[in-house]
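What follows is one structure encoded as structure tokens, with my remarks underneath.
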Amino acid sequence: MSPTALHDWNLDPGEAIALQKQLAARVERQDRLAEVTRIAGVDIGFEQGGEVTRAAVVVLAWPPGTDGAFERVEQVVHREPTRLPYIPGLLSFRELPAALAAFDRLTSSPELIMVDGQGLAHPRRLGVASHLGLWLDRPTIGIAKSRLCGHHVEPGNERGDRVPLVHKEETIGTVLRSRSGVKPVFVSSGHRVSLPTALDWVVACLGRTKLPEPTRMADRLASRRTAM
DNA sequence: GCGACAG
DNA sequence: ATCTTGTCGC
């Protein structure tokens, strides 16, 4: 475990859940981000039938060019043996070790990080985006392609339409129709970014695609076999 | 006890 | 997440 590490990663489910409850109290839900000039996108993919975990981090320059295109400043792909199976609610324990190794190899310092997965929209308010933000002590936003917990009505069918995601009397995120006619995405605060601000950034990074550019590019790097 | 369940 | 071709629609 590194000097700045919050905890060890070799925990059984019971210990992991207890740890999440402790860490959740340390997640900052208010805005506390520096001026943004670099935005990172993170995603994890698997190879060899799941035996190998592949973490991808892409850093884009902000703002995009006049043509709307984002300049790719840096990218890192890290592979390592998969350590745990997927357990709903404990995703970060399976994916973060590889993601952190990828960040260790990153030379640039993005002021904002967008993660493929939930942030506060988690049963114990510690989705992978929040967990990563806490560990790196950096602002993060969670963008998931499906729901983990909470309830919501169906958002309008036009790009930009949104409805709140509520869990136990609390608004934990926003269900956003990022592209008309396509399944909505679930946006939530990760760490040091409020929900309104998180939504602003996601919308600002949206092309004509469903996913914002940072995670969309990380997605391709993590899932495709071809070098990009 | 019976469902639900990020990636 | 991943296994996988063609096909429907803007």
Point to revise | CA sep, side-chain torsions, deciding dist, call: Phe103(A), His78(A), ring pair (Phe, Tyr, Trp, His ring centres under 6.0 Å) | key: CA-CA 9 Å; Phe103(A) 269 96; His78(A) 169 81; over 10 Å; no
Practice item. Return yes if some donor-acceptor pair links the side-chain N/O of Arg179(A) with the main-chain N/O of Thr209(A) below 3.5 Å, else return no. Key: no
**Study point:** Residues touching DNA chain B, which here means a heavy atom under 4.0 Å, drawn from residues 87-97 of chain A
**Key:** Pro88(A), Gly89(A), Leu90(A), Leu91(A), Arg94(A), Glu95(A)
Point to revise | Aromatic ring of Phe186(A) stacked on base six-ring of dA6(B), 5.5 Å, 30° | key: no
**Study point:** Residues Arg94(A), Glu80(A): salt bridge by 4.0 Å N-O rule
**Key:** no
Practice item. May I ask you to evaluate whether Ser146(A) reaches the phosphate of dC5(B), defined as a side-chain N or O under 4.0 Å from OP1 or OP2? Key: no
Check your understanding: Does dA6(B) have OP1 or OP2 sitting under 4.0 Å from an N or O in the side chain of Lys145(A)?
Key -> no
Exercise for review: Would you write the dot-bracket representation of DNA chain B, where each base gets (, ), [, ], | or . depending on whether it forms a Watson-Crick or G-U pair under 3.5 Å and with which partner?
Suggested key: .......
Review point. Can we say Asp137(A) and Arg192(A) salt-bridge, meaning some charged N sits less than 4.0 Å from an Asp/Glu carboxylate O?
Key: yes
Review point. Any Lys/Arg nitrogen of Glu51(A) or Arg79(A) sitting under 4.0 Å from an Asp/Glu carboxylate oxygen of the other?
Key: no
Review point. With a non-hydrogen cut-off below 4.0 angstrom, is Phe46(A) in contact with a base, only sugar-phosphate, or nothing?
Key: sugar-phosphate
Review point. Is the phosphate of dC5(B), meaning OP1 or OP2, less than 4.0 Å from a side-chain N or O of Arg147(A)?
Key: yes
**Study point:** Heavy atoms of other groups near Glu154(A) CD, more than 12 under 6.0 Å
**Key:** yes
Exercise for review: Quick one: label Gly127(A) by what it contacts on the DNA or RNA (base, sugar-phosphate, nothing), any heavy atom closer than 4.0 Å.
Suggested key: base
